[in-house]
Amino acid sequence: MTKGMIQLSGCEQNADRPIDVICLGRAGVDFYGNTDGADFAQEVSFKKSVGGSPGNVAIGLATLGAKAGFIGCLSDDALGHFVRQYMSNKGIDLAGIKTLRGEYRTSLAVAELRPEPEVVIYRNNAADLALSPDDISTEYLASARCLFVSGTALSVSPSREATLSAMQTAQLNGTQVVLDLDYRPYSWATPEDPPYFYKLAASFCDIVIGNKEEFDVMGVPHDVTDSHINAASELLSGGTDMVVVKAGAEGCDVFGLDNNGDLAQLSQPIFRVEARKPYGAGDAFAAALLFGLLNQYSLSDAVAMGAANAAINVTGDTCADAMSTLPDLSNFMLARGHQLLRT
């Protein structure tokens, strides 16, 4: 493996399309404790915001100044209406959102505000998992430069079929496809399903993002040293351009192929801050990484932007509200000796 330059194709294409990134999957409501360090038994009040990985990524992109869109389902109730209004106020294109009546419910998460919190998520009859292939519009996907998909959307039908259809449609229409593995064991019926459907989805992808444990779930044996490198090699040999492996406090590694076709690696440490909570970091990272890649920043700068946005987010008291603007992100990085330059 080399430390050479990773060659990416297509990240700057279709700049004239009206939407930069369409995010597909869940958007829900989060209740965050208002007291730093308090557990649920001690907490007396909560702050509401929007959550759900694709929802957070769309909000992160919009906050940075990108034009974001969304594909998903919301319930026809106070929670669903709140999510729709919040995202609309952020300027996110909601043409791909469908409202469901009946027993479907927009997801709700209750989270403590502390570095090692307990988070309780209510997902019974989850509205986002009712997305169907009929809800996927070729015209809408073709209007975007990039499609971002959360792996949770692959966990059950009909969302699974809708998600795979969207990924294939995007690929056929020259829209870049990004998959965040987002593995949550409780979402899957059996442990045999994730490896198969992750690999199937990855066959449509330009970029795959996940942590080391999530790449292990894809089927690489746990007893293999540096199994995430093996997983990256397998994905890159299958046509994926870039694999991003997150490792928490260890930062992240980005894998791709250099101009000789050899495996190349770029490593990015974290920006150290005093975290109030851990959640939101991965979504902030993905939002800033995609923003950088789509806006002519170098790969190293785009990855550093992701790390910086993650650091800023964990100092906030919610995920969505703690997404950074581009000036604040640039100033945060400049104060730490990293000046952003567009290529």
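Every heavy atom of this structure was used, including side-chain atoms; hydrogens, water molecules and symmetry mates were not.
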Participant: Is a side-chain N or O of Thr99 found less than 3.5 angstrom from the main chain of Asp76, in a donor-acceptor match?
Facilitator: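 Not a single qualifying donor-acceptor pair exists.
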Participant: Is it true that Ser75 and Arg105 share a donor-acceptor pair across their side chains at a distance under 3.5 Å?
Facilitator: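 Judged by distance alone, the side chains do not pair up.
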Participant: How far apart are the C-alpha atoms of Cys319 and Lys277, what are their side-chain angles, what is the distance that settles it, and do they pass the side-chain contact (heavy atoms from CB on, under 4.5 Å) test?
Facilitator: CA-CA 9 Å; Cys319 297; Lys277 44 82 176 172; 4.3 Å; yes
Participant: Are the side chains of Phe332 and Val273 in touch, meaning some heavy atoms are under 4.5 Å apart?
Facilitator: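 Contact flag for Phe332/Val273 side chains = yes.
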Participant: Using side-chain heavy atoms (C-beta onward) and a distance below 4.5 Å, is Lys246 in contact with Asp180?
Facilitator: yes
Participant: On a heavy-atom basis, which atom in Ser155 and which in Leu129 lie closest, and how many Å separate them?
Facilitator: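 Heavy-atom minimum between the residues: OG-CD2, 4.1 Å.
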Participant: Can you name the closest pair of heavy atoms from Ala130 and Asp135 and give their distance?
Facilitator: O-OD2, 4.3 Å
Participant: Indicate if Val243 and Ile229 have the same hydrophobic cluster label, given that clusters are the connected sets of ILVMFWY residues with side-chain heavy-atom separations under 4.5 angstrom.
Facilitator: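 Yes, Val243 and Ile229 fall within the same hydrophobic cluster.
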Participant: To the closest 0.5 Å, what do you measure between OH (Tyr140) and CG (Leu147)?
Facilitator: 10.5 Å
Participant: With a 3.5 Å distance limit and no angle check, can you tell me whether Lys98 reaches the backbone of Ile71 through a side-chain donor-acceptor pair?
Facilitator: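 Answer holds: no.
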Participant: Show, in sequence, the C-alpha distance, side-chain angles and deciding distance for Asn14 and Thr175, and conclude whether the side-chain contact (heavy atoms from CB on, under 4.5 Å) test is met.
Facilitator: CA-CA 8 Å; Asn14 299 323; Thr175 301; 5.6 Å; no
Participant: Using the rule side chain to side chain contact (heavy atoms under 4.5 Å, CB included), only one of Leu113, Asp317, Asp30 pairs with Lys47; which is it?
Facilitator: Asp317
Participant: By the definition side chain to side chain contact (heavy atoms under 4.5 Å, CB included), identify the one residue from Asp283, Val57, Leu329, Leu64 that meets it with Met323.
Facilitator: Asp283
Participant: With distance as the sole test, does Asn309 use its side chain to make a donor-acceptor pair with the main-chain N or O of Ala284 at under 3.5 Å?
Facilitator: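 It does hold such a pair.
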Participant: Indicate the atoms forming the closest heavy-atom contact of Ala307 with Phe285, along with that distance.
Facilitator: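 So the minimum-distance heavy-atom pair works out to N-CD1, 3.5 Å.
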Participant: Which heavy-atom pair separates Leu294 from Cys146 by the least distance, and what is that distance?
Facilitator: CD1-CB, 4.3 Å
Participant: Could you tell me if the side chain of Ser233 sits less than 4.5 Å from the side chain of Leu236, heavy atoms only?
Facilitator: no
Participant: For Lys67, is there any backbone N or O sitting under 3.5 Å from a side-chain donor or acceptor partner on Asp20?
Facilitator: yes
Participant: Has Gln42 got a side-chain atom pairing as donor or acceptor with Asp39's backbone, closer than 3.5 angstrom?
Facilitator: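 Flag set: sc Gln42 to bb Asp39 pair under 3.5 Å.
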Participant: In the structure I gave you, are the side-chain heavy atoms of Ile97 and Val83 within less than 4.5 Å of one another anywhere?
Facilitator: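 No, every pair of side-chain atoms sits at 4.5 Å or beyond.
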Participant: Under the criterion side chain to side chain contact (heavy atoms under 4.5 Å, CB included), which of Asp206, Leu293, Val303 is the partner of Met242?
Facilitator: Leu293
Participant: Is Tyr104 atom OH crowded by more than 12 heavy atoms from other residues, nucleotides or ligands, each under 6.0 Å away?
Facilitator: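 Not more than 12 within 6.0 Å, no.
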Participant: Sub-3.5 Å donor-acceptor pair from the side chain of Glu112 to the main-chain atoms of Phe40, do we have one?
Facilitator: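 Yes, Glu112 side chain to Phe40 backbone: donor-acceptor pair under 3.5 Å.
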Participant: Where do Val208 and Leu235 land on the side-chain contact (heavy atoms from CB on, under 4.5 Å) test, with the steps shown first?
Facilitator: CA-CA 8 Å; Val208 179; Leu235 289 170; 4.2 Å; yes
Participant: Looking only at heavy atoms, what is the nearest atom pair of Ile92 and Ala62, with distance?
Facilitator: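 Result for this residue pair: CG1-CB, 4.0 Å.
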Participant: Given side chains that start at C-beta, do those of Tyr186 and Ile121 come closer than 4.5 Å, heavy atoms only?
Facilitator: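 They are in side-chain contact.
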Participant: Test side-chain contact (heavy atoms from CB on, under 4.5 Å) on Leu131 and Ile136 and set out the steps.
Facilitator: CA-CA 9 Å; Leu131 186 72; Ile136 303 303; 4.3 Å; yes
Participant: Is Ile59 reachable from Val21 through a run of hydrophobic residues whose side-chain heavy atoms are each under 4.5 Å from the next?
Facilitator: no
Participant: In terms of hydrophobic clusters joined by side-chain contacts under 4.5 Å, are Val244 and Tyr297 together?
Facilitator: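 Result: yes, single cluster for both.
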Participant: Just by distance, do the side chain of Ser107 and the backbone of Arg123 share a donor-acceptor pair under 3.5 Å?
Facilitator: no
Participant: Any sub-3.5 Å donor-acceptor pair from Glu161's side-chain atoms to Ser132's backbone N or O?
Facilitator: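 Such a contact is absent between Glu161 side chain and Ser132 backbone.
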Participant: Are Thr315 and Glu274 side-chain neighbours, meaning at least one heavy-atom pair lies under 4.5 Å?
Facilitator: no
Participant: Is Ser88 reaching over with its side chain to a backbone N or O of Arg84, donor-acceptor style, under 3.5 angstrom?
Facilitator: no
Participant: Distance under 6.0 Å and angle within 45° of the ring axis: does Arg160 meet both against Phe197?
Facilitator: yes
Participant: Same cluster or not: are Tyr279 and Ile312 linked, directly or through other Ile, Leu, Val, Met, Phe, Trp or Tyr residues, by side-chain heavy atoms under 4.5 angstrom apart?
Facilitator: no
Participant: Out of curiosity, Gln296 CD to Asp301 CG, how far, rounded to the nearest 0.5 Å?
Facilitator: 13.0 Å
Participant: Measure from the side-chain N and O atoms of Glu43 to the backbone N and O of Ala38, and report whether any donor-acceptor pair falls under 3.5 Å.
Facilitator: no
Participant: Rounded to the nearest 0.5 Å, how far does CE of Met333 lie from CG of Asn331?
Facilitator: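 Between Asn331 CG and Met333 CE, I get 11.0 Å after rounding to 0.5 Å.
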Participant: Are Leu334 and Leu326 in one and the same hydrophobic cluster, where Ile, Leu, Val, Met, Phe, Trp and Tyr link if side-chain heavy atoms are under 4.5 Å apart?
Facilitator: no
Participant: Side chains of Phe82 and Val50, heavy atoms from C-beta outward: is any pair under 4.5 Å?
Facilitator: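 SC-SC contact between Phe82 and Val50 confirmed.
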Participant: Answer yes or no: is there a side-chain heavy-atom contact under 4.5 Å between Leu154 and Trp188?
Facilitator: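 They are in side-chain contact.
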Participant: Tyr183 vs Tyr198 aromatic rings, parallel, tilted or perpendicular, using cut-offs 30° and 60°?
Facilitator: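 Taking Tyr198 first and then Tyr183, their aromatic rings stand perpendicular (interplane angle over 60°).
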Participant: Measure the spacing between NZ of Lys48 and CG of Leu108 and express it to the nearest 0.5 Å.
Facilitator: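 Spacing of NZ (Lys48) from CG (Leu108) equals 12.0 Å.
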Participant: Picking from Asp182, Asn56, Thr106, what satisfies side chain to side chain donor-acceptor pair (under 3.5 Å) with Arg26?
Facilitator: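 Between Arg26 and the candidates, side chain to side chain donor-acceptor pair (under 3.5 Å) is satisfied uniquely by Asp182.
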Participant: What about the rings of Tyr122 and Phe31, do their centers lie closer together than 6.0 Å?
Facilitator: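 Centroid separation for Tyr122 and Phe31: 6.0 Å or greater.
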Participant: Mind listing the closest non-hydrogen atom pair of Ala275 and Pro115 along with its distance?
Facilitator: O-CG, 3.8 Å
Participant: Roughly how far apart are Ile22 CD1 and Phe148 CZ, rounded to 0.5 Å?
Facilitator: 13.5 Å
Participant: Could you check whether atom CG of Asn89 has more than 12 heavy atoms from other residues, nucleotides or ligands sitting under 6.0 Å from it?
Facilitator: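 Yes, because the 6.0 Å sphere around CG of Asn89 holds more than 12 heavy atoms from other groups.
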